[in-house]
Amino acid sequence: MSRENKSIEVKEREQHFRLLESVITNITESVLITEASPADESGARIVYVNDAFTRMTGYTAAEIIGQTPQILQGPATDQSELDRLRESVSRWQPFEATLVNYKKNGEKFWTNFSASPFGDGKDGYTHWIALVKDVTAIKQADIELKDLYKNLQMQARELAISNTELEQFAYVASHDLQEPLRMVTGFLTLLEKKYSNLIDDSGKKYIAFAVDGAKRMRQIILDLLEYSRIGRIEDRSEPVDLNRLIHEIMILFSKQIEETGAIIEADVLPEVISHRSPMRQVFQNLLSNSLKYSKTGIPPVIRISSTDLGTEWQFSITDNGIGINPEYFDKVFVIFQRLHKATEYSGTGLGLAVTRKIIENLGGRIWLESSEGEGAIFHFTLKK
């Protein structure tokens, strides 16, 4: 090679290194360059760091050049990860790792760095070049997220235990409460039969009141037990033909429909993927309400319709009954909240509370439109 060509090659190489130095100096990421060896416990000596690296660690270039990467390590640094890195270095393999490091002031921080061997192609590898990022915020967020997940798992386990205990309590309480009620009802009935000739009309009326109260108390207990079990859906999701479901409910209410002269009209309803038993209970409760709260002397007219909202179905049950004053719209869905006396309309005030709880457990919502004396429309949604 002529002296002139060699001079051109040297200038090109110098220009190349100046350009490379300019890029490394001005890059926003931290750069660390070490010698290629030795790759022992302490590591190779640091020969260069850029300004971004000194800002990140707090060390000046003079303080860190000549040291080894061990200057950044401390008690929380993962030794097994360091062993893995040393293995990669010994094989001249590029590597990436996330480690706890320490700043000059002792502050702990997380870094992610990727390193590759560098050489001139003639004498083998001469240096390691690493790009280093401060990922403390990301790592802390990840740790917090994992801690939150653990806490949620713990709370879920505690809630499951609590729910199981509550369910067992509700079952035991309902059984223990029903037994004395049955005894009261039985003895009052026997009292009326055996001493009917000694008890006057007022006494018989009082006995009837007591028996009726015991029966209503038993129904309240059964309804409370049912309410406590909502959410523990045991049957699997399956295609539910709502047209067939409505037909089955109408058969169940056939006597009441016949006695009141009720007319129930239903659009062609969709088939939904849901739980059959809860869906039956929702429609059964709403239809029962429409039949129960009808106007005196006027046959109930009930219409069931559906609307496709894209991601969910909206169902509506419209009736021509006594209606509900708007100020009571929220109250009707609260447990034991009755708008009428038990002597006027039967029930325990749990039907709509049960209905709302089921719908919300299925991911839907329920609301109503009504005015007093003008009937009511109950709407609820069900996700597809």
When you look at I71 and I64, which way does the side-chain contact (heavy atoms from CB on, under 4.5 Å) test go after all the steps? CA-CA 8 Å; I71 192 175; I64 206 164; 4.1 Å; yes
Which heavy atom of [X] sits nearest a heavy atom of [Y], and at what distance?
| X | Y | answer |
| --- | --- | --- |
| N50 | E29 | ND2-O, 3.0 Å |
| S290 | P300 | O-CB, 4.4 Å |
| K383 | E312 | CA-CB, 3.9 Å |
| S370 | P326 | O-CG, 3.9 Å |
| V332 | L368 | CG2-CD2, 4.3 Å |
| I366 | R356 | CG2-CG, 3.6 Å |

Close side-chain approach of [X] and [Y], heavy atoms under 4.5 Å:
| X | Y | result |
| --- | --- | --- |
| L242 | L245 | yes |
| Q73 | N101 | yes |
| L382 | L362 | yes |
| Y125 | S116 | no |

Checking K133 side chain against S114 main chain: does a donor-acceptor pair fall under 3.5 Å?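 No, the answer is negative, given that no donor and acceptor are paired below the 3.5 Å cut-off.
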Could you tell me whether a side-chain N or O of D319 sits under 3.5 Å from a main-chain N or O of A376, the two making a donor and an acceptor?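 Such a contact is found between D319 side chain and A376 backbone.
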Just checking, is any N or O donor in the side chain of T136 or D134 under 3.5 Å from an acceptor N or O on the other one? yes
Would you say [X] has more than 12 foreign heavy atoms packed within less than 6.0 Å of its [atom1]?
| X | atom1 | answer |
| --- | --- | --- |
| D147 | CG | yes |
| Y206 | OH | no |
| I138 | CD1 | no |

About how many Å separate CZ of F378 and CH2 of W367, when rounded to the nearest 0.5 Å? 12.5 Å
Please assess Y48 against F53 for the test ring pair (Phe, Tyr, Trp, His ring centres under 6.0 Å), listing each intermediate value before the final yes or no. CA-CA 10 Å; Y48 176 85; F53 187 90; 9.6 Å; no
Hphob cluster co-occupancy, [X] + [Y], side-chain heavy atoms under 4.5 angstrom:
| X | Y | value |
| --- | --- | --- |
| W110 | F95 | no |
| V100 | L85 | no |
| V135 | F113 | no |

So which of L32, V89, V47, I46 actually passes side-chain contact (heavy atoms from CB on, under 4.5 Å) with W128?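 The single option meeting the side-chain contact (heavy atoms from CB on, under 4.5 Å) with W128 is V89.
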My understanding is that only one of D267, I317, I264 makes a side-chain contact (heavy atoms from CB on, under 4.5 Å) with R303; could you say which? D267
With sequence neighbours excluded, what pairs up with K104 under the salt bridge (Lys or Arg N to Asp or Glu O under 4.0 Å) test? E63
Listed partners of E81 passing salt bridge (Lys or Arg N to Asp or Glu O under 4.0 Å), at least two apart: R84
Strictly under 6.0 Å, is that where the ring centroids of Y59 and Y102 end up?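 No, too far apart.
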Between K146 and D142, is there a salt bridge with N-O shorter than 4.0 Å? yes
